[in-house]
Number of protein chains: 4
Amino acid sequence: MDYTDIAGQLCKTCHLFGSRRWCLATSGNFSARVGHEQFLISQSGREKSELSPDDLMLCDLDGTALKPEQIPSAETPVHACLYRLDENIGAVLHTHSVPATVLSRAAETGVEITGYEMQKALTGVKSHEATVTVPVFDNDQDMHAMAVRLTKAWRDGRIAVPGLLIRGHGLYAWGADIATARRHIEGFEFLFECLLNEDMRR
Amino acid sequence: MDYTDIAGQLCKTCHLFGSRRWCLATSGNFSARVGHEQFLISQSGREKSELSPDDLMLCDLDGTALKPEQIPSAETPVHACLYRLDENIGAVLHTHSVPATVLSRAAETGVEITGYEMQKALTGVKSHEATVTVPVFDNDQDMHAMAVRLTKAWRDGRIAVPGLLIRGHGLYAWGADIATARRHIEGFEFLFECLLNEDMRR
Amino acid sequence: MDYTDIAGQLCKTCHLFGSRRWCLATSGNFSARVGHEQFLISQSGREKSELSPDDLMLCDLDGTALKPEQIPSAETPVHACLYRLDENIGAVLHTHSVPATVLSRAAETGVEITGYEMQKALTGVKSHEATVTVPVFDNDQDMHAMAVRLTKAWRDGRIAVPGLLIRGHGLYAWGADIATARRHIEGFEFLFECLLNEDMRR
Amino acid sequence: MDYTDIAGQLCKTCHLFGSRRWCLATSGNFSARVGHEQFLISQSGREKSELSPDDLMLCDLDGTALKPEQIPSAETPVHACLYRLDENIGAVLHTHSVPATVLSRAAETGVEITGYEMQKALTGVKSHEATVTVPVFDNDQDMHAMAVRLTKAWRDGRIAVPGLLIRGHGLYAWGADIATARRHIEGFEFLFECLLNEDMRR
């Protein structure tokens, strides 16, 4: 897929997630790999539900803007870190929903999920009988420090699903391409909403 | 109704249900009978909120693809089994909503419903004073085994309404045509949302 | 306003309420007075979110169809009864939402509301300090019997706001014209959603 | 930005907030400063989800209509008071959502918020570790009296964030321009929905 197609698909995903209130108040950020050594990401502070290709910019895998006059999203170090960790990651999406925020604050180090068919939306999960643990990281205003912690957890094998929560901050999910990352976001968000509703029933 | 009309109506129903978040992450599947001995069903893994007629395919009543290069939805055996059990079934719709998922996990063998006017959306129910029981089946990754259990329950008379729940997996509903099956899905989903809210109030 | 304008405005209101899931599964019905002695109402079983002027029909104030081959909504006697009781009523709208259904089942003879600014959306209510009581009627499959009970309650002064609940069945609201009846529906539905949320917090 | 652009942006914001059910039943009101000494505000009783530039009118900073035949929104004194208190305020938006209404009734004098990344949507908040207090004012049908209380609280330094709640009545938020005020509304509404969900989990 060429640059124009990737930019268009990224914007379309932003608009969809915006309409679901998953990136209110300019929250959320969205990126996709272009070639091997670059990725396209939303610029800082742009309204996601109206994102246009002009709101996107290119960074290298260190997270440095190719055009220095452009300011990438503050969370760019997290995106860059994921692209460096796994060359098969083609897209990274970050949503900021109410259920993900609430659950990530209530959890300690992870959210356990079992018995849901929707788990199978996650690449690699074959049965509802598996137990999936979504890791939860403490929030940090230093996104470089966050990327260091994430890298360590990845290498320690503590990130076994294509997603993670940042406490009080929302969900990151990734995949081989934008469609797969979107499916992962939707699967996780659905599961979080189920868990939150089950907590409320008790 | 001819093939083109059925395909168009099935896609329109998918788009509507997609916009209500009833088939996130490529979940859900949708079929309609064509003639007596075939049905049209969504292909595996397609995005339901954007389904086009090209994403549909024909199967015979054993659930075998007419064009062997096409892969039908994994739940095709459940659809095929329903079309075999009752020649008056013209459409089978499967949604994957949060309320249906949560309730099906909390229930044992069935969800009892009484006192709601909305029960009358279900063909055959004449009064809000009736008691309707939606059967709940355990989930299974073997959809052929699921179809065998469903067939046995049907023949034992344990499926008295045009719908059933699979635990942690969502709702199946059917009807004489797509409009009727849609009305049944909407009626059940509404009732499940009421039940879930009543549980939360307690 | 002439017939065409009234029909268009009624359809537009139906589509809006449909998009909010207030009339799923062909539930809900909507009418507006035309001249003094007739009203326009949705025909039985039509999909409200797609209602077109052809789905509407004329009845006289006894609720009898002007064209005997058309079948009006089953709840027509309730609409007709309201038009007879007050010549200033120009529109009657009936929604079937989750909060109205849940609250009407939990309440006894009325839902009390006080301290909400939104109460002022109801014609005649001047302050959030007033106490508004929405009467709740038991449901009945005999809509003529329902109309008789409603008429008695009206004459006894037990219907002091422009709306009422039917248990497990939803909300009726009315007003001098379609815009006013819509404002009343929206005000009540908002208040019911607040009350339901307050119950869940406890 | 000229008058036409401001009117267009204000209407677009109204439509968006209307689609989120944040100004049902003609509730809510929206204004933006034009030049130094005037502001544009929605006229009384207009449907916000369909607002057109013709539904807007000009007031001076005392809240007096420039064209005396036009009736501004009843809450105009609150808008005018904010424009007088801070010449850097360019837009004031008032939404009337379920979560803001429910929380404002449950709170005493303020709603405390800490540990959420979304706090950073509020101008001046740099970290999720800050504690943000949204002041809650008792409701009053006399909006001039409300403006006097608000002015006193402002001068006493009790309004440290760009927003406030009126009990049972909803949220006011403001900013240097419409986009900033919108970001503040979205940030607050998101946070209120989180808090309400956390209350329900307990």
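Naming convention: chains lettered A, B, ... in sequence-line order (proteins, then strands); numbering from 1 in each chain. As a basis for the values below, the full set of heavy atoms in this structure was taken, side chains included, without hydrogen atoms, waters or symmetry mates.
Heavy-atom pairs under 4.5 Å with chain D were tallied for C:Arg183, C:Arg202, C:His184, C:Glu129; the largest tally goes to C:Arg183. When each of C:Ser19, C:Gly115, C:Gly187, C:Ala121 is scored by its heavy-atom pairs under 4.5 Å with chain D, the top score falls to C:Gly115.
Contacts between C:Lys126 and chain D at a heavy-atom distance below 4.5 Å involve the backbone alone (N, CA, C, O). Of the two parts of C:Thr180, neither the backbone nor the side chain holds a non-hydrogen atom closer than 4.5 Å to a non-hydrogen atom of chain D. Contacts between D:Asn197 and chain C at a heavy-atom distance below 4.5 Å are absent for every atom of the residue. Only the side chain of C:Arg182 comes within less than 4.5 Å of a heavy atom of chain D; its backbone N, CA, C and O stay farther away. For chain C, no part of D:Arg201 is nearby; none of its heavy atoms comes within less than 4.5 Å. With a 4.5 Å cut-off on non-hydrogen atoms, D:Arg21 touches chain C through its side chain but not through its backbone. Only the backbone of D:Ser97 comes within less than 4.5 Å of a heavy atom in chain C; its side chain stays farther off.
By the neighbour-count criterion of 12 heavy atoms within 6.0 Å, atom NE2 of D:His144 is sparsely surrounded, having that number or fewer from other residues, nucleotides or ligands.
Between the side chains of D:Asn29 and D:His94, not a single donor N or O lies within less than 3.5 Å of an accepting N or O. A donor atom on one side chain and an acceptor atom on the other are found under 3.5 Å apart for C:Ser49 and C:Glu47.
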**Item:** Audit row: D:Ser31, D:Leu40, side-chain contact (heavy atoms from CB on, under 4.5 Å) steps and yes/no
**Value:** CA-CA 5 Å; D:Ser31 72; D:Leu40 201 57; over 6 Å; no
**Asked** Given C:Leu122 and C:Phe188, is the side-chain contact (heavy atoms from CB on, under 4.5 Å) satisfied, shown in steps?
**Response** CA-CA 8 Å; C:Leu122 309 176; C:Phe188 282 121; 3.7 Å; yes
**Item:** Full working for side-chain contact (heavy atoms from CB on, under 4.5 Å) between C:Glu189 and C:Trp22
**Value:** CA-CA 9 Å; C:Glu189 291 285 2; C:Trp22 288 351; 3.7 Å; yes
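Under the 6.0 Å cut-off for aromatic ring centres, C:Phe190 and D:His96 qualify, their centroids lying closer than that.
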